[in-house]
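Only one structure is covered here, and it is reproduced in the block below.
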Amino acid sequence: MKRIDLHSSQGRYPILIGAGLLSSLGPLIRKYCGLPANSKVLIVSNRVVAKHYLGTAKRSFSKIIKNIRHCLLPFGDERDKSEKVLRYLWKQMVKAGLERTSCAVALGGGVVGDVTGFAASTYMRGIRVVQVPTTLLAQVDSAIGGKTAIDLLSAKNIIGSFHQPKLVVSDINTLGTLPIEDFRNSFAEVIKYAVIYDQKLFEIIDAYGEQFFKSLKKEKISRKDFSFLEIIIARSVRVKVDVVELDEFETKGKRMVLNYGHTFAHALESASGYKLPHGKAVAVGMILAAKLARRRGELNVKDEMKQHQLIRKMGLPVSITNGQISRKQVLSFMKRDKKVRQGKLRFVLPRRIGSAVVREGISDEEVNSVLNQILKLK
Ligand code: NAD
Ligand code: GLY
């Protein structure tokens, strides 16, 4: 098991990463959150995740805490980050009799984590939340750093709060039931961490990533594959923790580096009517951002090619051919992005593998030029 601590304004909390941790969830929560035996705990999940993991999670509390309830979010996808589902969750918290000292446990992917985190941050002005992420994306990204949110009027993550968990328990075994495409798409975020911050992580993915996906296809994950996963998750978490500690509330411009590839990605996802999966959009977004960096003389061709080859090797896209998306649309969506400041586009640009900077005031002409090279659009 690996343990990484995050020091936040709401206190320090451990992020535990390892195989089989779910069966010790109760004792871990008891140990790290100091819950008394008469505490009330509400586990929030969805049907798919509950089918595989709710039983183990609940059993882990036996003899430790008696008052364990659960509730399942209705849709099992992004639609659960809504006002309606949030209200349902608040009601479940009231019905379960949760008090200020109670604890909500988010068992699932980023969707379950985001909405449960937001409900916990607002219920009784804030109760404890423990994140138990079951997707690769949630284990390396969304469960860490305290951002919680729901969507409103098709604006993603527009209502939210910063509410740090008391504990994060990432059981690698839960990733065993993830569809291979979800795995692959989430790998874009792991590559992102490597490019912006961790050259060694880049080398590890380069050396073992392809083999790992081959074993996944054969559904034969070996002990070696689990140790590869534990290493890449822990290194990704280390990057996220370091960046969050520098800029917890995203007021210093440092946390923005985590959005490498995302300005292009969000615009591509929106322009495709959300048919393009997030991970694939991030992969192409990183290709575009690296091209922009090279055009501005910030990145050398060797490192640009290294990133290109790794993204390809992991089975992620390096360009987009889509007759339904226009470049004009992509540019206009980019201008609506949260990262735009006074109408000027801001981008995270790599300087080399393992380091990136935020650059402002990039012209439409520069952006269009890289879009022309990579996107075979309308
Ligand atoms: P998700 O939560 O929708 O999960 C994807 C699918 O996998 C769902 O259908 C889910 O039921 C299923 N699933 C989850 N765990 C499984 C398992 N172990 N086995 C089988 N199926 C499983 O998607 P996600 O990619 O985890 O998260 C995406 C969300 O995270 C988005 O809403 C995004 O905005 C948010 N996000 C938040 C942050 C943050 O800092 N808070 C960061 C990045 C992303
Ligand atoms: N996922 C970006 C952040 O947490 O800031």
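Atoms within a ligand are numbered from 1 in the order they appear, just like the ligands themselves. Hydrogens, waters and symmetry mates play no part in the numbers below; they use all other heavy atoms, side chains included.
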*Which residue from V111, L178, V49, L107 reaches closest to atom 1 (P) of ligand 1 through any of its heavy atoms?*
V111
_Minimum distance, heavy atoms only, to atom 17 (C) of ligand 1: which one of D141, T177, T135 is it?_
T177
*Identify which one of Q131, K166, Q164 satisfies the side chain to side chain donor-acceptor pair (under 3.5 Å) criterion when paired with Y13.*
Q164
*Taking atom types as modelled, find out whether E189 and H262 have a side-chain donor-acceptor pair closer than 3.5 angstrom.*
yes
_Protein heavy-atom partner closest to atom 10 (C) of ligand 1 - residue, atom, separation in Å_ = N46 ND2, 3.9 Å
*Could you tell me whether the side chain of S102 reaches within less than 4.5 Å of the side chain of L42, counting heavy atoms only?*
no
*asked:* Just to check, does G145 reach to within less than 4.0 Å of ligand 1 when the distance is taken from its heavy atoms?
replied: no
*With heavy atoms of K81 as the reference, note each atom of ligand 1 found under 4.0 Å away.*
31 (C), 32 (O), 33 (C), 34 (O), 35 (C)
*Distance (rounded to the nearest 0.5 Å) between L73 CG and N46 CG*: 6.5 Å
*Output the list of atoms in ligand 1 that are nearer than 4.0 Å to some heavy atom of K147, sorted by atom number.*
40 (O), 41 (N)
_Main-chain N/O of T148 paired to D114 side chain as donor or acceptor, under 3.5 Å_ = no
_Nearest-neighbour protein heavy atom for atom 38 (C) of ligand 1, which is reported as residue plus atom name and distance_ = S142 CB, 3.2 Å
*Just heavy atoms, cut-off under 4.0 Å: does L175 contact ligand 1 by side chain, backbone, both, or neither?*
neither
*Which heavy atom of the protein is the closest neighbour of atom 6 (C) of ligand 1, given with residue, atom name and distance?*
D182 OD2, 4.0 Å
*asked:* Could you tell me if N372 and R327 have a donor-acceptor pair between their side chains, going purely by distance under 3.5 Å?
replied: yes
_Region of V244 that comes within reach of ligand 2 [heavy atoms, distance under 4.0 Å]_ = neither
*Give the single entry among I144, L137, L258, D141 that approaches atom 1 (N) of ligand 2 most closely by any heavy atom.*
D141
*Nearest-0.5 Å distance that lies between atom CG in L349 and atom OG in S355*: 11.0 Å
*Pick from L98, I127, T101: which one makes a side chain to side chain contact (heavy atoms under 4.5 Å, CB included) with K40?*
L98
_Top protein contact for atom 15 (N) of ligand 1, by heavy-atom distance_ = T134 OG1, 2.8 Å
*Could you list the atoms of ligand 1 found under 4.0 angstrom from a heavy atom of V48?*
11 (O), 21 (N)
*Could you check atom 9 (O) of ligand 1 against the protein and tell me its nearest heavy-atom contact, residue, atom and distance included?*
G76 O, 3.0 Å
*What distance separates Q307 CD from Q309 CD, expressed to the nearest 0.5 Å?*
11.0 Å
*Structural part of D114 in contact with ligand 1, heavy atom criterion under 4.0 angstrom*: side chain
*asked:* Looking at ligand 1, would K240 count as a contact under a 4.0 Å heavy-atom criterion?
replied: yes
*Among protein heavy atoms, which sits nearest to atom 31 (C) of ligand 1, and what does the distance come to when rounded to 0.1 Å?*
E78 OE1, 3.4 Å
*Just checking, any donor-acceptor pair under 3.5 angstrom between side chains of T177 and Y53?*
yes
*List every atom of ligand 1 that sits less than 4.0 Å from any heavy atom of Y53, numbering the atoms from 1 in the order shown and giving each element.*
18 (N)
*Aromatic ring pairing H266/H278, orientation class (parallel under 30°, perpendicular over 60°, tilted between)*: parallel
*Does the N or O separation between K147 and ligand 2 drop below 3.5 Å for any pair?*
yes
*Please identify which atoms of ligand 1 are closer than 4.0 Å to at least one heavy atom of T174.*
17 (C), 18 (N)
*What protein heavy atom sits nearest atom 30 (O) of ligand 1, and how far away is it?*
G110 CA, 3.4 Å
_side chain to side chain contact (heavy atoms under 4.5 Å, CB included) partner of I15, the single match among D5, V241, V169_ = V241
*asked:* Students should be able to answer this: which protein heavy-atom is nearest to atom 4 (O) of ligand 2, and at what distance?
replied: K240 NZ, 2.6 Å
_atom 5 (O) of ligand 2 - nearest protein heavy atom and its distance_ = R255 NE, 2.7 Å
_Please determine whether any non-hydrogen atom of K156 lies less than 4.0 Å from an atom of ligand 1._
yes
_side chain to side chain contact (heavy atoms under 4.5 Å, CB included) evaluation trace for L331 with N368_ = CA-CA 8 Å; L331 194 62; N368 261 321; 3.8 Å; yes
*To the nearest 0.5 angstrom, please state how far the CD1 atom of I29 sits from the OG atom of S39.*
10.5 Å
_Within 45 degrees of the ring normal and closer than 6.0 Å to the centroid, is that where the cationic atom of R184 sits relative to F213?_
yes
*In the protein, what heavy atom is nearest to atom 28 (C) of ligand 1, and what distance, to one decimal place, separates them?*
L137 CD2, 3.8 Å
